2 protein chains.
Amino acid sequence: MSADEAPRRRRGRPKAAEAGDTRGRILTAAAQEFSRHGYEAVSLRSVARAAGVDAALVHHYFEDKAELFTQSMGLPFRPDRLVHAALAGPREDVGANLLRAALASLDRPAARTGVLGLLRTALGHEFAAELLRQFLVREVLHRVAEELDLPDGELRATLTASQLVGLVVLRYGIRAEPLAQASVEELVARVGPVLQWHLLGFPDPLDPGERPRE
Amino acid sequence: MSADEAPRRRRGRPKAAEAGDTRGRILTAAAQEFSRHGYEAVSLRSVARAAGVDAALVHHYFEDKAELFTQSMGLPFRPDRLVHAALAGPREDVGANLLRAALASLDRPAARTGVLGLLRTALGHEFAAELLRQFLVREVLHRVAEELDLPDGELRATLTASQLVGLVVLRYGIRAEPLAQASVEELVARVGPVLQWHLLGFPDPLDPGERPRE
């Protein structure tokens, strides 16, 4: 950490224009580093080097590598946090809570655009697919598996992702009706039990009458 | 004998080179027509006109508009037929049968490339999304809804598509492990009940022990 930049962190925010400039430079460098070397090989330190700034400055703007990645890729939310928050609640509500959190985070058009853009790139370029895979595996799927504490936790995590990703593609990408217009509550009733099943295998509200059990 | 081969047999095969040329010209014209005007507005007749061939010749090579569309878009199978075949079996096996059929049709790398390419294009271009939406709605979702004969059939059809599309994206596109390497039987056990639930709402083999009920 260089002597002239360390105090900035302690003494308060950098001036707006200067901050925007530095933050933007770090994001640009991060996007290039991730695209060139993949998720695993990049560190806050290597991004700092590429951006020509002190590592402490990267820490000043970005909490960790996952945040640097999601922001530099245009993802305006943290899938890892979303899943973590859902898993922290009651076990029988995990599916519904995860779905509510995912739909809420996709409420803003910018968030949808970011997710769909990332998916599209990953489907078209082997390296982008590898990058997304590394991020998902390290920051989301492994953690979910750990928190689930089930022997097949990683398969469960990827299957959960498959239902969520497909929902995003059909609802926000292809915009197939009536799915695109379906209310959050309707989706929680329909897809919540599926996420629950993938994650924990509870039958939960899946009974022939499709009503929650007493 | 497939229906598209019937006239060919009666009239005798065109010479290979000539046939390939004409068929290719029709496919190119179809791709352009669909991309310009959408799925609904195009007919075998309008494609014949654009290709400068007789409409009977289009019928000679392609059974119907859905086949012309899937072939010109590089989709080497018919999603509508796949769903139709699965729905024709016993109701309690619909989810498992649909999944088996979908996985079998994606067995060839060319099929995966076609599906992933179409998805990617649809995610990047509003018109491509509209084209895919029109095809899915007309040829797949409406028909599934009709065959299900349930008041919420169209929502069920789109939710079913969401799980299938997400599975394709994670397994073949992003290739997230262990999902990418999971066996067909493993997937039938995990995802079959989900398709069943989306389509018909049966709880079927979803019980706390994750074993089929007696």
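Just so it is clear, the model here is predicted, and its values are computed rather than measured. Numbers restart at 1 for each chain; the letters A, B, ... are given by sequence-line order, proteins then strands.
Looking at E186(B) and L159(A), their side chains never come closer than 4.5 Å, going by heavy atoms from C-beta outward.
Most heavy-atom pairs under 4.5 Å with chain B, from the set L187(A), L123(A), L141(A): that is L123(A). Of the residues considered (A129(B), G124(B), A157(B)), G124(B) shows the highest number of contacts with chain A, using heavy-atom pairs under 4.5 Å. The choice from E126(A), R120(A), E154(A) that makes the most heavy-atom pairs within less than 4.5 Å of chain B is R120(A).
Proximity to chain A at a heavy-atom threshold of 4.5 Å picks out S162(B), Q163(B), V165(B), G166(B), L167(B), V169(B), L170(B), G173(B), I174(B), R175(B), A176(B), E177(B), P178(B), L179(B) from residues 162-181 of chain B, in numerical order.
Looking at W197(A), its side chain does come within 3.5 Å of a backbone N or O of R190(B) through a donor-acceptor pair.
Around atom NE2 of H84(A), no more than 12 heavy atoms belonging to other residues, nucleotides or ligands sit under 6.0 Å away.
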